[in-house]
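Right, one structure below, let's go through it.
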Amino acid sequence: MTAVIYPVILPVPAEVQHLPPRQRVQSLSDCARQALALSAGRLGVRLGPLEKNDRGAPIPCCGNFWSLSHKPDYVGGVVAPAAIGLDIERLRPCSSGLRRKTADAAEWALMGHEDLQTTFFRYWTAKEAVLQARGEGLRDLSRCRIAHILDPTRLRVDYAGKTWTVEHFFFEGHVAAITAGGLRVEWTLARPG
């Protein structure tokens with residue numbers, strides 16, 4: 001039987017969205033940790049203190065790996081028995097310069113008939129999820145390479161001598177990406193209101 005992980009996505013309360021920037025960042029982090037606690041509960045594990053290394057990458061806790069993502073409208077958290085990365089982005093227009101910075105011509109040639117905006121955010125979130133799983137920052141974005149699009153919700157990324165399968169989840173004008181490492185993914189999306 002394949003092990004299951006439970007990424008949890010929560011809407012950001014309206015009162016948090018209207019806070020001053022510094023308070024908003026802390027509140028978004030707190031909301032993402034609530035999503036993480038729900039993911040841990042679904043997995044049946046108890047987390048201790050959540051710490052990060054000197055580069056800001058999550059340190060495994062009680063033998064469990066964890067990842068957070070927080071954006072203005074949604075936050076997410078996931079706990080897993082192996083290295084994990086999670087990213088969430090709102091689908092929106094982006095510049096051609098950002099597209100060129102995110103992927104090269106060979107990677108863009110893989111997209112087939114998929115919408116350019118959707119493909120951009122699939123690539124961006126996949127690469128960011130892989131970098132999170134490795135504890136790296138966005139400075140290595142260009143070293144992550146989209147290797148293969150498997151279907152509308154899964155693709156493969158080559159990075160640091162390894163091929164990573166990334167799964168996407170589309171919701172409410174957003175996309176989330178997770179590096180599941182062969183684990184079955186059961187998304188939980190708490191709807192606003």
Side-chain angles (χ1 to χ4, degrees), residues 5-19 21 24-25 27-29 31-32 34-36 38-39 67-78 84-133 136-159 164-180 185-193:
I5 56 172
Y6 304 94
V8 174
I9 298 171
L10 300 175
V12 173
E15 60 270 14
V16 170
Q17 295 174 353
H18 296 43
L19 290 171
R24 185 172 53 242
V25 168
S27 292
L28 288 172
S29 178
C31 290
Q34 290 172 6
L36 184 69
L38 292 169
S39 176
S67 184
L68 302 173
S69 182
H70 38 81
K71 301 300 185 228
D73 298 321
Y74 287 92
V75 297
V78 64
I84 192 83
L86 173 70
D87 188 38
I88 300 171
E89 291 291 341
R90 182 174 59 84
L91 298 170
R92 62 193 183 281
C94 63
S95 70
S96 59
L98 187 55
R99 286 193 303 271
R100 281 192 304 275
K101 195 175 201 170
T102 301
D104 66 20
E107 291 171 285
W108 287 114
L110 298 172
M111 72 182 257
H113 298 290
E114 191 172 275
D115 173 72
L116 181 61
Q117 179 177 286
T118 300
T119 302
F120 169 78
F121 282 104
R122 284 187 71 195
Y123 285 11
W124 179 272
T125 58
K127 290 181 177 191
E128 186 157 339
V130 167
L131 291 170
Q132 284 185 21
E136 300 295 337
L138 285 177
R139 72 178 186 283
D140 264 4
L141 187 72
S142 64
R143 292 182 53 214
C144 280
R145 309 269 308 150
I146 304 300
H148 188 69
I149 295 179
L150 300 170
D151 59 42
T153 61
R154 293 178 308 128
L155 54 75
R156 289 203 175 111
V157 175
D158 288 339
Y159 176 69
W164 303 75
T165 298
V166 178
E167 183 173 319
H168 286 98
F169 175 66
F170 293 89
F171 65 98
E172 309 289 328
H174 289 71
V175 61
I178 194 164
T179 55
V185 178
E186 288 189 18
W187 295 92
T188 298
L189 172 62
R191 302 267 182 209

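Note that the numbering runs from 1 along the sequence shown for the chain.
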Does a side-chain heavy-atom distance below 4.5 Å link [X] with [Y]?
{"X": "Val12", "Y": "Asp73", "answer": "no"}
{"X": "Leu189", "Y": "Tyr74", "answer": "yes"}
{"X": "Thr165", "Y": "Leu150", "answer": "yes"}
{"X": "Glu136", "Y": "Val130", "answer": "no"}
{"X": "Pro93", "Y": "Gln117", "answer": "yes"}
{"X": "Cys94", "Y": "Arg99", "answer": "yes"}

Within this structure, what is the [atom1]-[atom2] distance for the pair [X] and [Y], rounded to the nearest 0.5 Å?
{"X": "Asp151", "Y": "His168", "atom1": "CG", "atom2": "NE2", "result": "10.5 Å"}
{"X": "Trp164", "Y": "Lys127", "atom1": "CH2", "atom2": "NZ", "result": "15.0 Å"}
{"X": "Gln34", "Y": "Ser29", "atom1": "CD", "atom2": "OG", "result": "10.5 Å"}
{"X": "Ile178", "Y": "Ile84", "atom1": "CD1", "atom2": "CD1", "result": "4.0 Å"}
{"X": "Arg24", "Y": "His18", "atom1": "CZ", "atom2": "NE2", "result": "9.5 Å"}
{"X": "Ser39", "Y": "Ile5", "atom1": "OG", "atom2": "CD1", "result": "7.5 Å"}

Is there a side chain to side chain contact (heavy atoms under 4.5 Å, CB included) between Leu38 and Tyr6 once you walk through the steps? CA-CA 9 Å; Leu38 292 169; Tyr6 304 94; over 6 Å; no

Check this for me: does any side-chain nitrogen of one of Lys71 and Asp87 sit under 4.0 Å from a carboxylate oxygen of the other?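 Salt bridge present between Lys71 and Asp87.
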
Closer than 3.5 angstrom, by distance alone: can the side chain of [X] be matched with the main-chain N or O of [Y] as a donor-acceptor pair?
{"X": "Arg122", "Y": "Arg154", "value": "yes"}
{"X": "Asp140", "Y": "Arg143", "value": "no"}
{"X": "Gln132", "Y": "Leu86", "value": "yes"}
{"X": "Tyr123", "Y": "Glu107", "value": "yes"}
{"X": "Arg145", "Y": "Asp158", "value": "no"}

Which atom of [X] lies closest to which atom of [Y], heavy atoms considered:
{"X": "Ala190", "Y": "Pro11", "answer": "O-CD, 3.0 Å"}
{"X": "Phe170", "Y": "Pro152", "answer": "CE1-O, 3.7 Å"}
{"X": "Val75", "Y": "Leu28", "answer": "CG1-O, 3.7 Å"}
{"X": "Ala32", "Y": "Gly76", "answer": "CB-O, 3.9 Å"}
{"X": "Ser67", "Y": "Leu36", "answer": "O-CD1, 4.1 Å"}
{"X": "Cys31", "Y": "Pro13", "answer": "SG-CD, 4.0 Å"}

Does the pair Ile146 and Leu110 meet the rule for a side chain to side chain contact (heavy atoms under 4.5 Å, CB included), with working shown? CA-CA 8 Å; Ile146 304 300; Leu110 298 172; 3.9 Å; yes

Taking the inter-plane angle between the rings of Phe169 and Trp187 on a 0 to 90° scale, is it parallel (under 30°), tilted (30 to 60°) or perpendicular (over 60°)?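 The rings of Phe169 and Trp187 lie parallel, inter-plane angle below 30°.
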
Angle between ring planes, Trp108 versus Phe120, binned at 30° and 60°: parallel, tilted or perpendicular?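 Geometry flag for Phe120 against Trp108: parallel rings.
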
How about Thr119 and Glu114: does a side-chain donor come under 3.5 Å of a side-chain acceptor?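 Yes, Glu114 and Thr119 have a side-chain donor paired with an acceptor closer than 3.5 Å.
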
With Ala129 via side-chain contact (heavy atoms from CB on, under 4.5 Å) - residues at least two apart: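 Here the qualifying residues are Ala177, Thr179.
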
Does Ile9 form a side chain to side chain contact (heavy atoms under 4.5 Å, CB included) with His174? I'd like the steps, not just the answer. CA-CA 11 Å; Ile9 298 171; His174 289 71; over 6 Å; no

